[in-house]
Amino acid sequence: MSTLGRTIKNFMKVGPSSYIKQMDNIGDTKWGRLIGVDANGNRYFENTKDEISGRERWVEYASTQPDPEDIAPEWYMWLSRIVQEPPTEMNYQPKKWWGQPIPNFTGTPKAFRTYNTTAAKREQLLSLYRSYVRIVEDWPVDKIRPNRGMKQVLAKRVEESFRNKDTTVDLTGARQELNALESLLSNKFKEKYPISDKILNPAGNPNYYSKLMASLEANKDGQKSALSKLLGK
């Protein structure tokens with residue numbers, strides 16, 4: 001801890017300007033021999049006579065907002081007593097592969113921020129959900145099974161996948177399934193691979209498919225209740 005006598009003595013040696021700057025930067029008043037100045041304008045001092053061990057070397061920052069990142073690595077080694085000779089007395093040769101020091105951007109607009117995936121994924125899920133709802137609404141009603149057709153199966157699947165908080169949606173798989181459903185709804189493959197007349201009218205039984213469709217239509221009417229038939233509905 002600094003004494004009053006030491007503070008007054010150092011104040012007389014460094015002057016009011018340096019005294020205020022030291023109190024603002026390091027919270028103490030020091031006086032010593034100027035060892036050197038780095039590329040950033042920081043000044044390095046040493047006083048092995050009056051200062052206790054571990055506090056005999058210090059730096060006066062050139063910036064009004066001092067940051068330890070402003071200290072060059074070679075000067076940091078000297079301040080930490082890793083080496084005894086200052087960089088001005090060392091045969092210091094920078095290497096080509098050495099990078100430039102990166103400032104500490106903590107508390108600034110350039111500070112590192114972890115990428116937030118929650119908001120982006122929520123928007124993707126919402127967009128997928130809307131696309132699935134559109135598919136369900138546009139899907140045709142099964143005339144044979146109007147209450148148990150593909151439309152109802154899709155609606156239930158969408159509700160279970162997107163509304164259940166315990167279900168994790170695979171975005172990649174969901175997009176692939178959505179593309180497949182859109183292709184089926186738009187008859188993409190029917191137009192791309194049209195069915196020939198030979199398949200629709202096989203030689204052994206040319207009326208097979210037309211009779212099958214008529215049978216399905218008749219079966220649909222046969223599923224009506226007796227009351228519906230009576231009322232003509």
Side-chain angles (χ1 to χ4, degrees), residues 69 95-233:
E69 296 291 337
K95 307 298 182 182
K96 293 182 179 180
W97 46 268
W98 287 1
Q100 294 295 325
I102 300 176
N104 183 4
F105 294 117
T106 302
T108 69
K110 295 183 179 180
F112 172 78
R113 290 180 176 84
T114 303
Y115 175 66
N116 184 2
T117 60
T118 303
K121 187 174 182 179
R122 185 173 62 248
E123 291 298 325
Q124 294 177 21
L125 284 173
L126 182 59
S127 177
L128 272 175
Y129 174 72
R130 290 171 177 170
S131 298
Y132 270 100
V133 170
R134 177 182 56 80
I135 290 290
V136 172
E137 291 176 350
D138 295 343
W139 200 269
V141 177
D142 191 336
K143 296 180 179 180
I144 303 301
R145 296 178 297 177
N147 298 322
R148 293 181 293 129
M150 186 65 176
K151 188 181 185 74
Q152 287 72 28
V153 173
L154 288 176
K156 183 178 179 181
R157 175 72 180 276
V158 170
E159 188 70 18
E160 292 176 350
S161 299
F162 289 92
R163 292 293 187 179
N164 190 350
K165 63 180 181 180
D166 297 327
T167 302
T168 302
V169 179
D170 179 9
L171 293 178
T172 302
R175 290 193 186 95
Q176 293 175 351
E177 293 176 359
L178 179 65
N179 293 335
L181 290 173
E182 288 179 340
S183 298
L184 291 174
L185 185 62
S186 62
N187 285 328
K188 174 182 177 181
F189 299 106
K190 179 181 179 181
E191 297 174 359
K192 187 174 182 180
Y193 306 103
I195 301 176
S196 65
D197 292 337
K198 292 182 179 181
I199 296 178
L200 292 176
N201 302 299
N205 190 357
N207 299 322
Y208 174 78
Y209 288 110
S210 59
K211 290 180 179 179
L212 176 62
M213 293 300 297
S215 175
L216 292 175
E217 290 292 336
N219 185 41
K220 180 190 68 173
D221 295 335
Q223 290 179 350
K224 293 182 179 181
S225 64
L227 181 61
S228 298
K229 294 180 179 180
L230 181 62
L231 297 176
K233 295 183 180 181

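- With rounding to the nearest 0.5 angstrom, the CG atom of Asn147 is 10.0 Å from the CG atom of Asp142.
- Not a single donor-acceptor pair under 3.5 Å links the side chain of Glu160 to the backbone N or O of Arg157.
- Side-chain contact check for Tyr208 versus Asn201: every heavy-atom pair is 4.5 Å or farther apart.
- Of the possible polar contacts, none joining the Tyr132 side chain to the Phe162 backbone as a donor-acceptor pair under 3.5 Å is found.
- In this structure, the separation between CG on Leu125 and OG on Ser161 is 10.5 Å, given to the nearest 0.5 Å.
- Side chains of Arg175 and Gln124: a donor-acceptor N/O pair is present below 3.5 angstrom, by distance only.
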**OP:** Output, in order, the C-alpha distance, side-chain angles, deciding distance and verdict of side-chain contact (heavy atoms from CB on, under 4.5 Å) for Trp139 and Leu181.
**Re:** CA-CA 9 Å; Trp139 200 269; Leu181 290 173; 4.2 Å; yes
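- In this structure, Phe112 has its ring center no closer than 6.0 Å to that of Phe105.
- The closest donor-acceptor contact from the side chain of Lys151 to the backbone of Val141 lies at 3.5 Å or more, if one exists at all.
- Considering all non-hydrogen atoms of both residues, Pro206 and Ala203 come closest at CD-O, 3.8 Å.
- One distance of note links CD of Glu177 with CG of Leu128; it measures 10.0 Å at 0.5 Å rounding.
- Screening Leu185, Val158, Leu184 for a side-chain contact (heavy atoms from CB on, under 4.5 Å) involving Ile135 leaves a single residue, Leu185.
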**OP:** Decide yes or no on side-chain contact (heavy atoms from CB on, under 4.5 Å) for Glu182 and Arg134, but give the supporting numbers first.
**Re:** CA-CA 10 Å; Glu182 288 179 340; Arg134 177 182 56 80; 2.8 Å; yes
